[in-house]
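Encoded as structure tokens, the structure appears first; notes follow it.
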Amino acid sequence: MEKITTIKGIKDILPEDAPTWNHIESIARQVFGSFCFREIRVPIMEKTELFKRSIGETTDIVEKEMYTFRDRDDELLTLRPEATASIIRAYIEHNMHSFDQITKLYTMGPMFRRERPQKGRFRQFHQIDVELFGDEKPQSDVEVIFMLMHFLQSTAIEELSLEINSLGCKTCRPVFSQAVVNYLRGSKNALCPDCQRRMSTNPLRIFDCKVETCNLIIAKAPQILDYLCPDCKEHFAQVKSYLTDLNVAYGINPKMVRGLDYYTRTAFEVKSGLLGAQNALAGGGRYDGLVHSLGGPEVSGIGFAVGIERLFACLPNNKKNIFPTDLFIAALGERAQKMAFGLTNEMRRAGISTEKDYSDKSLKSQMKRADKLNTSFTLIIGDKEIDEKRVELRNMNTKTQQVLPMNNLRDTIIKIIKER
RNA sequence: GUGGGUGUAGCUCAAAUGGUUAGAGUGCCGGGUUGUGGCCCCGGAGGCUGAGGGUUCAAGUCCCUUCACUCACCCCA
């Protein structure tokens, strides 16, 4: 029979890794909670229209990376490629702005993009996503960035670098964009084919092209930071100032342009040298017109997403987790098996993690298995012990054994294990 | 969608110029101890060499096709 495998670019999270995932997620909940963000759980499927309107019709994500299908009633549905759109939809749908001017939300879960997989990039991947609505002050940019850095540091990852930029707003960005196109027009033929195409689709993308000749040309191009309008310039200056006040180290990357259409003003990325080509493990920015354009009130927003797989890859010792087991019950003989089966399940009901072997193997085999399961104690029950109304409890770490009376055995063992 | 790399045991990898029955380590199972784990020793199971075709007396090895994985481009977390 041919084996059925996972879909390309989609991976299992194995038992040895699941505890680390849980750990990352619980740190996120704890950190975000202390910044007064609240968890929301949104569906992984939405109407296709939502993503088209938020992310942008002409972005790569919408044009060629979405998992879209026609439902039985002909409605077009899409597996979410990111979470921001869903959160905004929920924010609008449930009129959250009417409860408080400021709404702070986070969510986490799988996202889907049909890309060619590579290191740090998958077709199903997981993000932790944070959004803050209703405040356009630079402090909210900094609150979100500070929280992100604090979260990442709390997971003990190292070699982080924060880069920030300002992308301007709807008044100053088009001016800049046009200036870049004007500058490049003369040397268009010297650009790589990709960049020639970008000149009409997304000229700002040329800034992070990796082809050397493009780099030389773009190096002397106008810089967004010189084109910011007075308001954007002031906003960016304050963001930098507050970051410095909070001792958040950052670099300014005037060439950082983010791929989703909706970003305005502050954009930021956290990179790690441990990741390979896909070196951004978190990214985000401000999106001041987006909520309104999705049918909501005129509120600004800012948020970020952390790639959990990428964060996981940066963790210092992501060694395999071996679960400890409290108790293994080794039984020898028919009467002992029967009694051990009952006792095993009684121990489990008392919250003691307990395992036993149902096949009638040698004591040596059962001990080996107990060892492999990283057991603290092994209880040995044979028919002999039943006759003598006493059992032996072995401490696997100290290699010492004690004899326990059969009556009230359950409570005796619980007491010993809890006192350990 | 485009390019490069790699496919041999559960896992990590060997097998000179094509040449007999494809090996090792590790893991797994069992034994050494008739009822005691890790260390040590011994034994065992486990492979259509990714798949299909071709060249040859002979293919894991050479050629073609295809698939999978992987890295990179594009793009993004």
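Atoms considered below: every heavy atom in the structure, side chains included; atoms not considered: hydrogens, waters and symmetry mates. Sequence lines set the chain letters: A, B, ... in the order given, protein chains first and strands last, and positions in each chain run from 1.
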Practice prompt. Under the ring-ring contact (aromatic ring centres under 6.0 Å, His included) rule, collect the residues that match up with Tyr262(A), sequence neighbours excluded.
Written response: Tyr287(A)
Discussion item. Could you check, using the six-membered ring where one of them is a Trp, whether Phe37(A) and Tyr106(A) have ring centers closer than 6.0 angstrom?
Written reply: no
Fill in: Nucleotide opposite C40(B) in a Watson-Crick or G-U pair, distances under 3.5 Å
G32(B)
Item to complete: Scan Lys271(A) against the nucleic acid and name what it touches under 4.0 Å (heavy atoms): base, sugar-phosphate only, or nothing.
Response: nothing
Worksheet entry | Phe35(A) and His150(A) aromatic ring geometry - parallel, tilted or perpendicular at 30°/60° bounds | tilted
Worksheet item: Using atom C1' of each nucleotide, how far apart are G35(B) and G50(B) to the nearest Å?
Response: 47 Å
Worksheet item: For Gly284(A), which contact category applies under a 4.0 Å heavy-atom criterion: base, sugar-phosphate, or nothing?
Response: nothing
Worksheet entry | Integer-rounded Å distance: G38(B) P and Leu373(A) CG | 14 Å
Discussion item. Between U8(B) and G1(B), how many Å separate the two C1' atoms, rounded to a whole number?
Written reply: 32 Å
Worksheet entry | Identity of whatever pairs with G25(B) - Watson-Crick or G-U, under 3.5 angstrom | C11(B)
Discussion item. I'd like to check Ile224(A) versus Leu167(A) (side-chain heavy atoms, cut-off strictly below 4.5 Å). Are they in contact?
Written reply: no
Discussion item. By the 4.0 Å heavy-atom rule, please label Ala280(A) as base, sugar-phosphate, or nothing.
Written reply: sugar-phosphate
Discussion item. I need the Lys11(A) NZ to His126(A) NE2 distance, nearest 0.5 Å.
Written reply: 12.5 Å
Worksheet item: For the pair made of CZ in Phe122(A) and P in U70(B), what is the distance, rounded to whole Å?
Response: 8 Å
Worksheet item: For atom P, what is the distance between U2(B) and G46(B), given to the nearest Å?
Response: 42 Å
Practice prompt. Any strand is fair game: report the nucleotide pairing with G1(B) by Watson-Crick or G-U wobble, both distances under 3.5 Å, or none.
Written response: C73(B)
Worksheet entry | A72(B) phosphate, OP1 or OP2, under 4.0 Å from Gln278(A) side-chain N/O | no
Worksheet item: In whole Å, what separates the C1' atom of G7(B) from that of U66(B)?
Response: 13 Å
Discussion item. Applying a 4.0 Å non-hydrogen cut-off, can you work out what Glu309(A) is touching in the nucleic acid: base, sugar-phosphate, or nothing?
Written reply: nothing
Practice prompt. Using a heavy-atom cut-off of under 4.0 Å over every strand shown, decide if Phe304(A) touches base, sugar-phosphate, or nothing.
Written response: nothing
Worksheet item: Phosphate oxygens OP1/OP2 of C73(B): is one of them under 4.0 Å from a side-chain N or O of Gln118(A)?
Response: yes
Worksheet item: Does atom CG of Leu14(A) have more than 12 heavy-atom neighbours from other groups under 6.0 Å away?
Response: yes
Discussion item. Say we look at A45(B) and G5(B): how far apart would their P atoms be, to the nearest angstrom?
Written reply: 39 Å
Worksheet entry | Base partner of C57(B), which must satisfy Watson-Crick or wobble distances under 3.5 Å | G19(B)
Worksheet item: Which sits closer to the 5' end of RNA chain B, Lys399(A) or Val306(A), going by the nucleotide each is nearest to?
Response: Lys399(A)
Worksheet entry | Residues Gln366(A) and Lys356(A): side-chain donor-acceptor under 3.5 angstrom | no
Worksheet item: For every nucleotide of nucleotides 26-35 of chain B, 5' to 3': is a protein heavy atom under 4.0 Å from its base (B), only from its sugar-phosphate (S), or from neither (-)?
Response: --SSSBB--B
Worksheet item: So do Met406(A) and Ile386(A) actually touch side chain to side chain, heavy atoms under 4.5 Å?
Response: yes
Worksheet item: Is a donor-acceptor contact shorter than 3.5 angstrom present between the side chain of Gln366(A) and the base of U36(B)?
Response: no
Discussion item. For U6(B), give the paired nucleotide (Watson-Crick: N1-N3 plus N6-O4 or O6-N4; G-U: N1-O2 and O6-N3; both under 3.5 Å), or none.
Written reply: A68(B)
Worksheet item: Do the side chain of Arg121(A) and the base of C75(B) come within less than 3.5 angstrom through a donor-acceptor pair of N or O atoms?
Response: yes
Worksheet item: Nearest to the side chain of Asp60(A) - A77(B), C75(B), G38(B)?
Response: C75(B)
